[in-house]
Structures are given as structure tokens and as C-alpha cells.
Amino acid sequence: MRISSGTVHTLSADLQKALAASPKALAKWEDITPLARNEWICWTISVKTDATRKDHVKRVVSELIEGMRRPCCWIGCIHRKDKAVSKSVQWALDKRAKVKK
């Protein structure tokens with residue numbers, strides 16, 4: 001079964017397996033835009049720990065079923081090269097960098 005990916009990121013094996021196991025989530029996944037899929041994939045892979053990643057994969061499935069089309073309260077994919085980083089995303093990145101110091 002081929003499951004659609006995003007605009008920049010390809011679908012990871014763990015997220016593909018989770019989506020394939022849930023027909024409802026998979027239908028919602030295929031109904032969102034490639035850019036929205038990219039946001040979910042990036043949100044899932046841009047974490048620091050395996051535990052957080054597993055949680056994000058589960059949340060993608062459950063939140064898609066609930067009707068969410070993009071991850072909530074997330075700055076967005078910073079890996080896209082087709083547009084400049086917005087001022088609001090740059091602010092969040094700067095704030096995150098200050099916290100890490």
C-alpha cells in the first residue's frame with residue numbers, strides 16, 4: 001500500500017505503520033494537502049527522544065481521527081526551502097535558541 005508523503009519529508013516507517021493500521025486516520029491523511037502531511041511528518045521527526053516520537057506518532061493518528069488537519073501549537077516545518085522563514089517562526093526559533101543557552 002502506498003501512503004502519500006509530504007512536500008519535503010518522506011513518510012517514516014513508524015508513521016506509515018501507524019496510519020496503515022487505522023483506516024479512519026489513513027483516509028483523513030490522504031484527504032489533507034501534501035503541505036499539511038509534511039507538517040505532521042516534520043512534527044513527528046523533529047523531537048529529541050524516542051519516547052516523544054512514539055507519542056507524536058500515536059497523536060498523529062488520534063488527532064487526524066478527531067478532525068485536526070495540522071499539528072496544533074507548533075511553529076511549522078523549518079526544513080522547507082521553497083519559502084523564507086516567517087517572522088513569527090523566526091521569533092520562535094530565536095526564543096528556543098535563547099532557552100537552550
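Residues G6 and I41 share a closest heavy-atom pair of N-CD1, 3.7 Å. Of all non-hydrogen atoms in Q16 and M1, the two that sit nearest each other are NE2-O, 3.8 Å.
Of the possible polar contacts, one joining the S46 side chain to the C42 backbone as a donor-acceptor pair under 3.5 Å is found. Remark: side-chain polar atoms of E30 are not paired, donor with acceptor, to backbone N or O of I3 under 3.5 angstrom. Not a single donor-acceptor pair under 3.5 Å links the side chain of T44 to the backbone N or O of V57. Remark: side-chain polar atoms of H56 are not paired, donor with acceptor, to backbone N or O of I45 under 3.5 angstrom.
Counting only heavy atoms from C-beta outward, the side chains of R37 and S4 approach each other to under 4.5 Å. Taking 4.5 Å as the limit, every side-chain heavy atom of T7 sits out of range of all side-chain heavy atoms of T33.
To the nearest 0.5 Å, atoms NE2 (H9) and CG (N38) are separated by 5.0 Å. Going from atom CD1 of I65 over to atom OG of S22 covers 3.5 Å, rounded to the nearest 0.5 Å. A distance of 4.0 Å separates CZ in R53 from CG in D14, rounded to the nearest 0.5 Å.
Using a 4.0 Å cut-off between charged nitrogen and carboxylate oxygen, R69 and D31 count as a salt-bridge pair.
Partners of E63 by side chain to side chain contact (heavy atoms under 4.5 Å, CB included), not counting sequence neighbours, listed by chain and number: W40, R59, E66, M68.
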Apply the test side chain to side chain contact (heavy atoms under 4.5 Å, CB included) to residues T49 and K54: give CA-CA distance (whole Å), side-chain angles for both, the deciding distance (0.1 Å), then the verdict. CA-CA 9 Å; T49 67; K54 288 176 186 176; over 6 Å; no
As a quick check of understanding, evaluate side chain to side chain contact (heavy atoms under 4.5 Å, CB included) for K28 and I32, giving each step before the final call. CA-CA 7 Å; K28 298 278 189 168; I32 61 177; 5.7 Å; no
Given V60 and W29, is the side chain to side chain contact (heavy atoms under 4.5 Å, CB included) satisfied, shown in steps? CA-CA 9 Å; V60 169; W29 180 263; 4.2 Å; yes
